[in-house]
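In what follows, a single structure is set out as structure tokens and then discussed.
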2 protein chains.
Amino acid sequence: MPRAGLDPAAVVAAGAALADEVGLTNLTMGLLAERVGVRTPSLYKHVSGQEDLNRRIAVLALREAADAVGGAVQGYAGRDALAAAARAFRTFVVEHPGRYAATIGVEPSGPDDPLATEGMRVLGAFTAVLRGYEIAESDLDHALRMLRSLCHGFATLQAANGFQWSADIDESFEWLIAFADRGLRAL
Amino acid sequence: MPRAGLDPAAVVAAGAALADEVGLTNLTMGLLAERVGVRTPSLYKHVSGQEDLNRRIAVLALREAADAVGGAVQGYAGRDALAAAARAFRTFVVEHPGRYAATIGVEPSGPDDPLATEGMRVLGAFTAVLRGYEIAESDLDHALRMLRSLCHGFATLQAANGFQWSADIDESFEWLIAFADRGLRAL
DNA sequence: GCTAAAAGCTAATCGGATTAGCCAAGCCTG
DNA sequence: CAGGCTTGGCTAATCCGATTAGCTTTTAGC
């Protein structure tokens, strides 16, 4: 019986991929074990359980989201930066619904928790976008929360297939970006 | 052994209440059975299983949300209506996080599904709000999605304790309402 | 080559969901 | 008011996924 050569990172990556494919709620230890070519109990050599797995997937997701959003914003400012960030975020959520779902509801245990660190990086990327607008210091937090709510809400609704009707979803999202941009410029 | 006098509605109502208390993910058939004073298998005389229970809780939640938002809007227009609707929605989600969570990810089986009906009622309430603004027909759907994303995103982030930092959450929400109002009036 | 930690495995336990099958309560009819 | 049917509840049993226990083999380091 040759070793599978697993390590926590490989297990987590496979778990995240599987969550994207079958949905986080259908991600089972048995399914993941099968995917990585190992018997179920062997997974416990790398992650301490389902909760731990979920946490690690969440950290991975936040890191990737932060990279995506942060990278997309590079070199842009104002409306272009806003559009790039929003698009990158939504693309990430829609393409990786399972791992993004893992980030919802997990709470960092403290300021040193990687979960907190990566979460801050995502916020940092959006904060960078806001710096391109003339926003009063007192409005910054609120604007950040607005942006976050908008992106999170739209992306999760789309990922959950929550938009049934007529209008084109991409078009709605672009409309949303324009709406937010006008509002932010008017502050 | 006297009868408990249960019926599907009572089971669903208890399930929704329990979900709000302990979180939807911790809602277990055993816990619910205990709550309604019956042994676990007896629940299956009223709901066909966990998935069915979840669906029914979702229908209940959407009905209540539609009632809350629709009722709050009565007699108001424009910014007042927007504020009333948004506040009612957020209050509902924050006070009933469990049952609202049940609405996420469930898909109506068809146009006659009560889930679809009640969902439409919620949308209808928000659509009524938008009628108080001068919005071009072509912008209506987008504006509705924007409003929905904003409310859904903010409420779920708050319910998941997703806002860690400094600024006051209620204040942010009021800021959000004002932001949306200005944007909608500028259309 | 020797050894100990690491990584797999099988077997067993546990808990929650669900099903099978039995029984009593309540209602409706004659 | 008894008989019988339907309904709601119960116990026992099954199933499945998570997790733990304990054994074995690989393999890095000496």
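As a basis for the values below, the full set of heavy atoms in this structure was taken, side chains included, without hydrogen atoms, waters or symmetry mates. A note on names: the letters A, B, ... follow the listed sequences, proteins ahead of strands, and every chain is numbered from 1.
Contact annotation: B/Ser42 does not reach the phosphate of D/dG8 (side-chain N/O to OP1 or OP2, under 4.0 Å). Under 4.0 angstrom from either OP1 or OP2 of D/dG9 there lies at least one side-chain N or O belonging to B/His46.
Distance A/Leu6 CG to D/dT25 C1': 16 Å, rounded to the nearest Å. Distance, B/Leu43 CG to C/dG16 C1': 13 Å, rounded to whole Å. Atom P of nucleotide D/dA28 and atom CG of A/Asp7 are separated by 14 Å, given to the nearest angstrom. The CG atom of A/Leu32 sits 13 Å away from the C1' atom of D/dA18 (whole-angstrom rounding). The CG atom of B/Asn54 sits 13 Å away from the P atom of C/dA17 (whole-angstrom rounding). Atom CD of B/Glu34 is separated from atom P of D/dC10 by 13 Å (rounded to the nearest Å).
Rounded to 10 degrees, the angle between the two end axes of the helix from C/dG1-D/dC30 to C/dG30-D/dC1 is 10°, with five pairs used at each end.
Considering only side-chain atoms of B/Met29, the nucleotide from D/dA18, D/dG9, C/dA17 that sits closest is C/dA17. Side-chain proximity of A/Gln50 to C/dC9, D/dT19, C/dT18: nearest is D/dT19. Among the nucleotides D/dC10, C/dT10, D/dG9, the one closest to any side-chain atom of B/Arg39 is D/dC10.
Ring pair A/Phe154/A/Phe163 is tilted by interplanar angle, where 30° to 60° counts as tilted.
Taking the six-membered ring wherever Trp is involved, the centroid distance between the rings of B/Tyr100 and B/His96 does not fall below 6.0 Å.
Residues A/Thr28 and A/Lys45 both approach DNA chain D. Their nearest nucleotides, taken by heavy-atom distance, put A/Thr28 toward the 5′ side.
Between A/Arg185 and A/Asp181 a salt bridge is recorded (basic side-chain N to carboxylate O distance below 4.0 Å). Between A/Arg63 and A/Asp67 no salt bridge is recorded (no basic side-chain N to carboxylate O distance below 4.0 Å).
For CD of B/Glu34, the number of neighbouring non-hydrogen atoms (other residues, nucleotides, ligands) closer than 6.0 Å is 12 at most. Summarising the local packing, CZ of A/Arg182 is surrounded by more than 12 heavy atoms from other residues, nucleotides or ligands at distances under 6.0 Å.
By the 4.5 Å heavy-atom criterion applied to side chains, A/Val11 and A/Arg56 are not counted as neighbours.
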Could you go step by step and tell me if B/Arg148 and B/Val122 meet the side-chain contact (heavy atoms from CB on, under 4.5 Å) rule?
-> CA-CA 10 Å; B/Arg148 196 174 160 207; B/Val122 178; over 6 Å; no

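The side-chain tip of B/Arg90 points at the ring of B/Phe173 from less than 6.0 angstrom away and within 45° of straight on.
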Quick one: which protein N/O atoms are closer than 3.5 Å to N/O atoms of nucleotides 13-15 of chain C? Pair and distance per line, please.
none

